[in-house]
Protein chains: 2
Amino acid sequence: MNPTESSPRRRPTIRDVARKAGVSKSLVSMVIRGEEKVSARSREAVLRAAAELGYRPNLMARSLVQRRTKIVGVMVSDLRNPFFGDVVSGIEQQASELGYKVLFTTGDRQQERETEAIENLLELWVDGLILAGPRIDQDSIGRIGRSVPVVVLHRPTPTTSSADSVTNDDRAGAEMAVNHCHALGHARIAHIDGGTGAGAQERREGYEHSMRRLGLVEHIVLVSGGYTEPRGYQGAQELLSKRPLPTAVFAANDLCAMGAINAFEEAGLGIPSDISVIGYDNTSLAALRHVSLTSIHQPSIEMGQMAVERLFQRIDKGRTEPTHEVVAPSLVVRNTTGPPPAEPELEVRR
Amino acid sequence: MNPTESSPRRRPTIRDVARKAGVSKSLVSMVIRGEEKVSARSREAVLRAAAELGYRPNLMARSLVQRRTKIVGVMVSDLRNPFFGDVVSGIEQQASELGYKVLFTTGDRQQERETEAIENLLELWVDGLILAGPRIDQDSIGRIGRSVPVVVLHRPTPTTSSADSVTNDDRAGAEMAVNHCHALGHARIAHIDGGTGAGAQERREGYEHSMRRLGLVEHIVLVSGGYTEPRGYQGAQELLSKRPLPTAVFAANDLCAMGAINAFEEAGLGIPSDISVIGYDNTSLAALRHVSLTSIHQPSIEMGQMAVERLFQRIDKGRTEPTHEVVAPSLVVRNTTGPPPAEPELEVRR
DNA sequence: AAGACCGACTGGAACGTTCCAACTTTAGCG
DNA sequence: CGCTAAAGTTGGAACGTTCCAGTCGGTCTT
């Protein structure tokens, strides 16, 4: 009969705490926010009352009046790619350092769901947005960038965009990969590309450019792949169906490289004795001793940190001109690359 | 001189839209929420005004009055473990099906940061909480469960707890692993455990129980490990320092198994010719043909879906008695397990 | 002893929504 | 042509905070 008592006990508010502690709601607010100008006696009373009631501040109400959330939203394109594990860890680290909370969403590599995920974050009024390897188009990013600070991670962004970006030099990385193979004596170096993935275009261009510069134009073989293992497997299948076989393959990323390796091993080819494989991202996967994949490293943890830092500059320091940070990738040689087989097929037929 | 005009253009609110469309804010609200009882003319006017202003509803304000957010919060213990990629994907799928948004946080396998992460979600007033492989203690979980619907994933939870749970039968899974090795002819089956990780205790118990039942008590060798690759590596090192060496090793999870394999290979042991290794979780990692790790499968995508479903029942269907769903694990045999070496060290010395 | 000042505390007005009761307008009907 | 019903629309009161302009004692200064 008494609705107040029989209801499923609604969450206590600042008012309940105030009543219990015998002070005003303003005072409770001050204590919760950790303001100095409160007498020890009141502070203690408030704290006790809050603890007894199990009071938890309502962030929504707070953000509403402050018009800011102290939350940075992160849209991660693919949570299954171990690469993003590192990125995320860098982001969290730096964010907590700067007093920000982090919320993640993912688009599962689908444009449409990415848009949805980003929309969710925006409706929450996050103070800033990090897009890690987004697949949505530049226009959309630009549009979003006009209403909230945005940092694009791992995807080259035109300097005209209103968004910041933190990327590695994909083109240079791709060239490193090709040069490494060339230095080992390879000529027939193929590329399984990353399709529409973030930075895939640049890696493709870097590959072609490098091949051309090394005078290997006629050996350019480019098959379509993607940033996942099955795509790498498919790409490798396509390579296997063509003659002559390449002696080295530069895969769009580590996952893709793993798929390719599987296909090659399945076809009875030895790695790197028959065919060398090099990946990109230098994920924990590549580092597994059992895998030991040669790869191009990008400092993902640091890049995550930088992204948060850039956001911070915009939000709290009032920076307005966009910045575009490009970090240098580096080559990590492991056991999936080596000299080409002594007697390449073509030579035998002479 | 005119602060309104020179300010960095604050986000448009429902009032701005109302003014522009020449209607009341209530009407705008109705249109935005998609209510039926609005004339086509008004609806169109509102929609146009909203589009022109780039209006985006403020979810905080809405939640404040509705006292619900339509958000489920997910705390993931370790985003670097590919296992959680699947879980998360199942969660997202089901959530979007039921009209809920999903926000992730992670504790990076540290209790303290988990607590913090969960606190963040609670301050946002998420409608429900999923804890995927949490490390925080049962008491805390119970306490949280009393203020908001909670589903614990991948971690056995006492039936007395106010939280729901969705787990696989870790004990049975561990027994499967041991039985599989035994069936192949192994007797010296060691276990690298998962330390304080979710479900690690049960896997440990399953191992011991099974060994005992098979009459292999004296072969029980249990070293401490963890749910990461380096921990598996360390555990394997410890095993390598003891005599006799085991002929099979059951690792706490796939990551741990990978670390162990690395250590064994480094020590010159062939897998599975010298030593068999079996993991747990059947992650995408294990499935990589190049890795081809024998593992215990748990249906992670489905488990993620179930977790959301359970939450939904509590939030929208008013269920109050806790449920504890336990799904059956299954054995996936791949290439890291095989018969023990023909001449075990001990036999030679006879 | 009067004024100025300080520190601790308070009430009311926001913040951007939704909800509800009440108000118009239009339509239907005898 | 008046009455009722339905459809469409509206303003004001929440929601749980923070912020701001004060109030209220008390202490210091001259």
Side-chain angles (χ1 to χ4, degrees), chain A residues 3-4 7 9-47 49-50 53-71 122-127 147, chain B residues 3-4 7 9-47 49-50 53-71 122-127 147:
Chain A
T4 312
S7 74
R9 209 174 49 193
R10 53 199 279 143
R11 261 167 93 149
T13 76
I14 207 171
R15 288 198 137 81
D16 300 318
V17 179
R19 199 173 312 126
K20 180 146 197 162
V23 298
S24 72
K25 60 177 178 38
S26 305
L27 222 209
V28 176
S29 171
M30 295 175 85
V31 173
I32 299 296
R33 279 173 298 140
E35 266 196 33
E36 300 292 304
K37 304 284 164 196
V38 176
S39 72
R41 221 163 58 81
S42 312
R43 159 167 290 122
E44 207 185 314
V46 168
L47 256 23
L53 290 173
Y55 168 75
R56 218 187 306 271
N58 183 334
L59 207 117
M60 308 240 158
R62 171 185 305 193
S63 319
L64 196 56
V65 31
Q66 293 191 149
R67 341 276 290 308
R68 55 140 48 199
T69 52
K70 278 272 181 180
I71 294 177
L122 289 178
E123 289 187 354
L124 273 174
W125 279 35
V126 293
D127 290 347
S147 66
Chain B
T4 312
S7 74
R9 206 173 54 188
R10 54 200 277 144
R11 259 168 93 150
T13 78
I14 208 171
R15 288 199 136 80
D16 300 319
V17 178
R19 197 172 314 126
K20 180 147 197 160
V23 298
S24 74
K25 62 176 177 39
S26 305
L27 224 206
V28 176
S29 171
M30 297 175 81
V31 173
I32 298 297
R33 277 174 298 139
E35 265 196 34
E36 298 293 305
K37 303 285 166 194
V38 176
S39 70
R41 222 164 58 81
S42 313
R43 159 167 289 120
E44 206 186 317
V46 168
L47 255 24
L53 291 173
Y55 169 75
R56 216 185 312 267
N58 183 335
L59 206 117
M60 308 241 159
R62 171 184 304 190
S63 321
L64 195 56
V65 30
Q66 294 190 148
R67 335 278 292 303
R68 59 151 21 197
T69 52
K70 279 271 182 180
I71 295 178
L122 289 178
E123 290 187 356
L124 273 174
W125 278 35
V126 292
D127 290 347
S147 66

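Every value quoted in this text rests on a predicted model; they were computed, and no experiment measured them. Chain letters run A, B, ... following the sequence lines, proteins first, then strands; residues in each count from 1.
- Distance from the side chain of B/Arg33 is smallest to C/dC19 among C/dC19, C/dC15, C/dT17.
- Phosphate contact (OP1/OP2 of C/dT17, side-chain N/O of B/Gln66, threshold under 4.0 Å): absent.
- Rounding to the nearest 0.5 angstrom, the gap separating the CD atom in A/Glu36 from the CZ atom in A/Arg43 is 7.0 Å.
- Of the candidates B/Val38, B/Leu47, B/Val23, B/Thr13, B/Val23 is the only one forming a side-chain contact (heavy atoms from CB on, under 4.5 Å) with B/Val28.
- Spacing between atom CD of A/Glu36 and atom P of C/dG7 amounts to 13 Å, rounded to whole angstrom units.
- Rounded to an integer number of Å, the gap from A/Asp16 CG to D/dC15 P is 11 Å.
- For the pair A/Glu35 CD and C/dC9 P, the computed distance is 12 Å after rounding to whole Å.
- Counting only heavy atoms from C-beta on, A/Ser24 has its side chain closest to C/dG11 among D/dT18, C/dG11, C/dT18.
- Closest to the A/Val65 side chain, of the nucleotides C/dC9, C/dT17, C/dC15, is C/dC15.
- For A/Arg67, whose side chain is taken as the heavy atoms from C-beta onward, the closest listed nucleotide among D/dG8, D/dT18, C/dG16 is C/dG16.
- In this structure, the nucleotide among C/dG16, D/dT17, C/dT18 sitting nearest to the side chain of B/Ser29 is C/dT18.
- At least one donor-acceptor pair closer than 3.5 Å links the side chain of A/Thr69 to the backbone N or O of A/Trp125.
- Protein atom CZ of A/Arg68 is 15 Å distant from nucleotide atom C1' of D/dC19, rounded to whole Å.
- Distance CG (A/Leu64) to P (D/dT18): 11 Å, rounded to an integer number of Å.
- In this structure, A/Leu124 atom CG and C/dC15 atom P are separated by 20 Å, rounded to whole Å.
- Judged by distance alone, with hydrogens and angles left aside, A/Ser26 brings a side-chain donor or acceptor within reach of the base of C/dG11, the pair sitting under 3.5 Å.
- Taking only side-chain nitrogens and oxygens, A/Ser63 never comes nearer than 4.0 Å to OP1 or OP2 of D/dT17.
- Side chain of B/Lys25, nearest nucleotide from C/dT17, C/dC9, C/dA8: C/dT17.
- For A/Arg62, a side-chain nitrogen or oxygen approaches OP1 or OP2 of D/dT18 to under 4.0 Å.
- Within a 6.0 Å sphere centred on CZ of B/Arg15, other residues, nucleotides and ligands contribute 12 heavy atoms or fewer.
- Contact between the side-chain N/O atoms of A/Ser42 and the OP1/OP2 oxygens of C/dC9 is found at a separation under 4.0 Å.
- Of the two residues contacting DNA chain C, namely A/Lys37 and B/Tyr55, the nearest-nucleotide position lying further toward the 5' end is that of A/Lys37.
- Around atom CZ of A/Arg33, more than 12 heavy atoms belonging to other residues, nucleotides or ligands sit under 6.0 Å away.
- When the nucleotides C/dT17, D/dC15, D/dT9 are ranked by their closest atom to the side chain of B/Asn58, C/dT17 comes out on top.
- Between the CE atom of A/Met30 and the P atom of C/dG7 there is a distance of 12 Å, given to the nearest Å.
- Atom CD1 in B/Ile14 sits roughly 11 Å away from atom P in C/dG16 (whole-Å rounding).
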